[in-house]
Structures are given as C-alpha cells and as structure tokens.
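Numbered from 1 within each chain, the chains take letters A, B, ... in sequence-line order. Being a predicted model, the structure only gives us computed values, none of them experimental. Only heavy atoms go into these numbers, but all of them, side chains included; no hydrogens, no water, no symmetry mates.
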Amino acid sequence: MRRALKALDRVRTGEVSPWAYAILRVSLAVLHLVRSSDLARPVVELEHHRWVRGLDFSWSVTRAPELASPALHGFALGPIANDILVYARTFLCVSLLLGVRPRLSAAAVAIVSYALLLADRYRYFHHLHLLYVALGLLAFCPLGDRLSLERQARLVWRRFRPGAVQDLPPPASSPAWSLAVLRALVSGVYLSAGLAKLEPEYWSGQTLAELDRIGMLGGPAWEVLRNAFGYAWLARFTCLIELALPLLLAWKRTRWLGVALAVTFHLVLGSVLAVSTFGVTMVLLLLSYWPKSRPQERSPERASAAYNGRAG
Amino acid sequence: MTSGETRPSPSRWSLLALLTLAFGSPFLARALGTMWGSFGMFQRVERYHLELTAETPRAEETVRLSELAPHLSRDARRLILPAAGHAFGSDQIELVEDGLEDLGELVCKLRPGATSIDLRLTRSTARNELLHRRELEVRCDER
C-alpha cells in the first residue's frame, strides 16, 4: 500500500516537456477537424469521405416526420439545435488547435461532440467515442505552454503596452500527472479490446474468415499475412498483442518496445481493415508515454512557485 | 488558465479517481452489457434482417424499409436500410436493436390508420445460424 501511494505521489509531482501536451493538443484537434468534415478530400481520400459531405452530423433528414432515436432518452435534437452544435464543434476545434482557452476548448469540444453523438444513436462508432474521450481528458492537461496563440498574443500585447509588467517566460516543464491519465485510457482500451477477443469464435479464426469473406479485410499486407499464418494464428496474434501492450507499456524497461509494437500494430491494422481514425488516435495517445523530465530540468519559476506553495 | 505553472497537482484520491475512470470505463461498459464504449471491436460478424408490419383495423401491411429512407438521418439509413436484406454487421447491430421502439413510433406517424406496428429483428451468424430474434409491438393509439 505504501509503495502504491509513493508511486501515486511520483505521478502527481513528475514533470514532462510541455511539447508533449502541445503536440497532443494540435494533433488531436487537427484529427477531429479532419474526421468531422471532408476538408481533406482534395488532398487525400479517407474512409469517412464515403459518407461525410461537408460537416459530419449536419442535419440530413429530408422529409418530416423524422426518426428521433437518441441514445440518451429525450435527448433528440431538432435541425436548428443540431446544426448550431455542429458549427460550435468546428469553432471549438479551431480554438483548441490555436491554443485559445485550450483547456476550456478541449472540454467544450468533447461535450458538444458527445452531445451530437447521443442525439442520434446511429452515429456511434468506437473511434469517435475514443476521440471524444481523449479530448475530454485533454481538458485536465496544461495545454497552453507551447504553440499557443493566446500566450503569444498576451506577450505581444504586453510588449507594446507602455509600462506593462513583463510576462513570465513559458515554463520549461509541465506537470506529468495528466499524461498518466491518458496512459490509463490507452491501457484500458487495449486490455478491453484484447479481452473481448478471448471468445472461441474469434480465437478460432472464424471471425477473421468471415470478415475476409464479406470483403472487410483486404490489401497486399492482408494477403501476405493470411497466406503466412492463416486465420486462427492471426486472430491469436491480434488478441495477444492487445493483451500484452498494457504490460509492455507499463514497465519502463519495455516501454520503447511497447510503443514500437503498438505503432506497427496500428499501421498493419489500418492497412488491412477499415478502422477510420481509431489507429491514428491510439498512436497519438502513445505520446502520453513521452519520458518524464529529470528534476534538474524543472523551470526556475515552477520551482519557485512550488517553494512558495503555489504549485505542487 | 493557459499554462501549468500555477496549477496545483490533484490530491491522491482525485488522481486515483481520474485514473480509474480513464482505465476502467471500457470494463464498466462491458459489465453493463453495452457495446457503447466497450472497445470490443470486430469480435464477431453477424447478419441481421428487419421486418416491419403495420396492423390496421382491416388488414396487415408490410412496410418496406426503403419507404422510411427520407425520414431517417444519414447514419440511420446506413444501418437500417441494408436490413431489408441480410446485412452484415458487428457491434452496430446492437444500435438497430436498441432503436426498434423509436422506429415503430416513426412508422405509426407515417401510417396514421395503423393501430400497431410489429417489428421483427433477426440476428444470425455469418453462416446463417439463428442467434436471436427480437419481436416488438408498438401500439400507435397510445401515442
């Protein structure tokens, strides 16, 4: 128990480079903008472009009366409320991307996106749920220490205002505990996905054979893997990799192996199966395994704040 | 708040609660028997087929799913319309099953003369072995 509490305290007081949060923030915001629209269509053809025209979840019923089937009882939205939320989601994504009120933007974009998902049960996808939960958890992270338009604007404003107090320089490190929360999400997702596959139907390779038969699996990588290992072993590998990843990622010595295995796993999976943004989101969340800063890398102002009891 | 410099660390228990929530939510979903947030992806492939019948005082009329298309959202169309035949699916069949009552209510509105709507969803394995049949009657006169 004492060791567990000590470990928890190490998580609470650890520090990490602010770039970890900045890159996560920018990349997840870009990913959400790309997934919730067909903005990228002129550049690259993505899976969701097959059904998304303009902004995703825009009102698409063409004749009244419409089917109202919210996932949360009584939460159906009308066309106006629905489209207002769609535009609000886009605005908040841009605000998160630019680093304007980033934590508030992250929380709001997660809430608005989830509200749209709950308003129509048929909108649900695992990859969207994962993206929204990740964005919600970003709201607990110090997101504005780097690549923040708001911080830059404040600095410029103070520079040109006569007699203004100089702003503090951006901190050299940020608290690491919020990354631990994202790591917990990553481990939970892998473990749950792996446990779900411990069913005889999947383990025997029958599910992969059916997915292959109905054309959901394909591509050159799939042909090579199927011919080399067969359905049953591929199913077992997939399940075992998902079960092993949380362990490999949890232990410091094997973490690099865990990250490398996870990235390879998602690259292969993305090339053989239509998983939309699931793999990309998971790979981005692996940034939460960014190594902690050594104690001497603590910024002077943070050390001073901690000394004065302002920060932990 | 735009930077971490003045943000205090959470208490041990707040952090533990956050970690538990982030790690445990997929298992909570599994325990509650919902695929929503469970991340049990592609664990099985199923076929599903949906039949709708409107009961009127005089007769029983089959409702074609394609009639519903203009009244469905894009996402609902993607899941419901293929069920006229024998559609393949995975987790999302659960969404169709959970939404049967709402679908019945829509058909009541589209068939003002109907007294009730019968909905029959058949779920079978990809090799067409019956897994589960759900039958639901939505009474129109109560709405």
Criterion ring-ring contact (aromatic ring centres under 6.0 Å, His included) on W51(A) and Y122(A), from CA distance to verdict: CA-CA 13 Å; W51(A) 65 88; Y122(A) 302 102; over 10 Å; no
- prompt: S288(A) and R183(A): side-chain donor and acceptor closer than 3.5 Å?
  reply: no
message: Go through it in stages, so that I can follow the logic: the residues are R44(B) and E210(A), the test is salt bridge (charged side-chain N to carboxylate O under 4.0 Å, His left out), and I'd like the CA-CA distance, side-chain angles, deciding distance and then a yes or no.
response: CA-CA 9 Å; R44(B) 75 175 75 85; E210(A) 297 299 350; over 6 Å; no
query: Between Y21(A) and D145(A), does any side-chain donor sit less than 3.5 Å from a side-chain acceptor?
result: no
Part of L211(A) lying under 4.5 Å from any heavy atom of chain B: both
message: F39(B): which residues meet the ring pair (Phe, Tyr, Trp, His ring centres under 6.0 Å) condition with it, sequence neighbours left out?
response: H126(A), H129(A)
Toward chain B, the part of L8(A) with a non-hydrogen atom under 4.5 Å: both
Proximity breakdown for V133(A) and chain B, heavy-atom pairs closer than 4.5 Å: neither
Pairs of heavy atoms under 4.5 Å with chain B: top-ranked of L182(A), L195(A), V11(A): L195(A)
- prompt: If you measure only the distance, is there a donor-acceptor pair under 3.5 Å linking the side chains of E46(B) and H132(B)?
  reply: no
task: Side chain from CB out, backbone as N, CA, C, O: work out which of these in L191(A) comes under 4.5 Å of a heavy atom of chain B, or both, or neither.
output: both
message: Keeping E150(A) on the side-chain end and R101(A) on the backbone end, is there a donor-acceptor pair under 3.5 Å?
response: yes
query: D118(B) and E135(B): side-chain contact (heavy atoms from CB on, under 4.5 Å), yes or no, with the steps?
result: CA-CA 7 Å; D118(B) 293 323; E135(B) 295 192 16; over 6 Å; no
query: Any chance CZ of R213(A) has more than 12 other-residue heavy atoms, nucleotides or ligands included, within less than 6.0 Å?
result: yes
- prompt: Heavy atoms, side chains only, cut-off 4.5 Å: are L249(A) and Y190(A) in contact?
  reply: yes
- request: Mind ranking Y202(A), F125(A), W59(A), F278(A) by heavy-atom pairs under 4.5 Å with chain B and telling me who comes out on top?
  value: F125(A)
query: Is it the side chain or the backbone of R74(B) that comes within 4.5 Å of chain A heavy atoms, both, or neither?
result: both
Portion of D91(B) that has a non-hydrogen atom of chain A nearer than 4.5 angstrom: side chain
message: Taking side chain as everything from C-beta outward and backbone as N, CA, C, O, which of these in E199(A) sits under 4.5 Å from a heavy atom of chain B? Side chain, backbone, both or neither.
response: side chain
query: Would you call K6(A)-D9(A) a salt bridge at under 4.0 Å N-O?
result: no
task: Output the option from L103(B), D98(B), L79(B) having the highest count of non-hydrogen pairs under 4.5 Å with chain A.
output: D98(B)
Side chain to side chain donor-acceptor pair (under 3.5 Å) partners of residues 77-87 of chain B, not counting sequence neighbours, each pair once: D75(B)-R78(B)
- request: Could you pull out the closest heavy-atom pair between A274(A) and F42(B), with the gap in Å?
  value: O-CZ, 3.9 Å
- prompt: Is there a side-chain contact between L131(B) and R47(B), using heavy atoms and a 4.5 Å cut-off?
  reply: no
Residue Q206(A) versus chain B: region with a heavy atom under 4.5 Å: side chain
- prompt: Within residues 10-18 of chain B, which positions have a heavy-atom distance to chain A below 4.5 Å?
  reply: P10(B), S11(B), R12(B), L15(B), L16(B), L18(B)
message: Between A64(A) and chain B, with a heavy-atom cut-off of 4.5 Å, which part of the residue counts as in contact: side chain, backbone, both or neither?
response: backbone
- prompt: Between D38(A) and G54(A), is there a donor-acceptor pair closer than 3.5 Å when you use the side chain of the first and the backbone of the second?
  reply: yes
task: Spell out the residues in residues 53-67 of chain B that have some non-hydrogen atom less than 4.5 Å away from a non-hydrogen atom of chain A, in order of number; otherwise answer 'none'.
output: none
- request: Considering non-hydrogen atoms only, spot the tightest contact between R123(A) and A119(A) and give its length.
  value: NH1-CB, 4.1 Å
message: Given heavy-atom pairs under 4.5 angstrom as the criterion, report whether the side chain, backbone, both or neither of L104(A) touches chain B.
response: neither
Engaged part of A68(A) at the chain B interface, taking heavy atoms whose separation is under 4.5 Å: backbone
query: For the residue pair P18(A) and P171(A), what are the closest heavy atoms and their distance?
result: CG-O, 3.5 Å
message: To check you understand the geometry: which heavy-atom pair defines the closest contact between A172(A) and R146(A), and what is its length?
response: CA-NH2, 4.0 Å
task: Check each atom of L198(A) against the heavy atoms of chain B and say whether the ones under 4.5 Å are side chain, backbone, both or neither.
output: neither
- prompt: Under a 4.5 Å heavy-atom cutoff, which of V186(A), L5(A), L137(A) has the most pairs with chain B?
  reply: L5(A)
Atom group of L68(B) that falls short of 4.5 Å from chain A, counting heavy atoms: neither
- request: Provide the closest heavy-atom pair for A71(A) versus W36(B) in the form atom of the first, atom of the second, distance.
  value: CB-CH2, 3.5 Å
- prompt: So which of A126(B), G40(B), A29(B) has the largest heavy-atom pair count under 4.5 angstrom toward chain A?
  reply: A126(B)
field: Side chain, backbone, both or neither of L128(A) within contact of chain B (heavy atoms, under 4.5 Å)
entry: neither
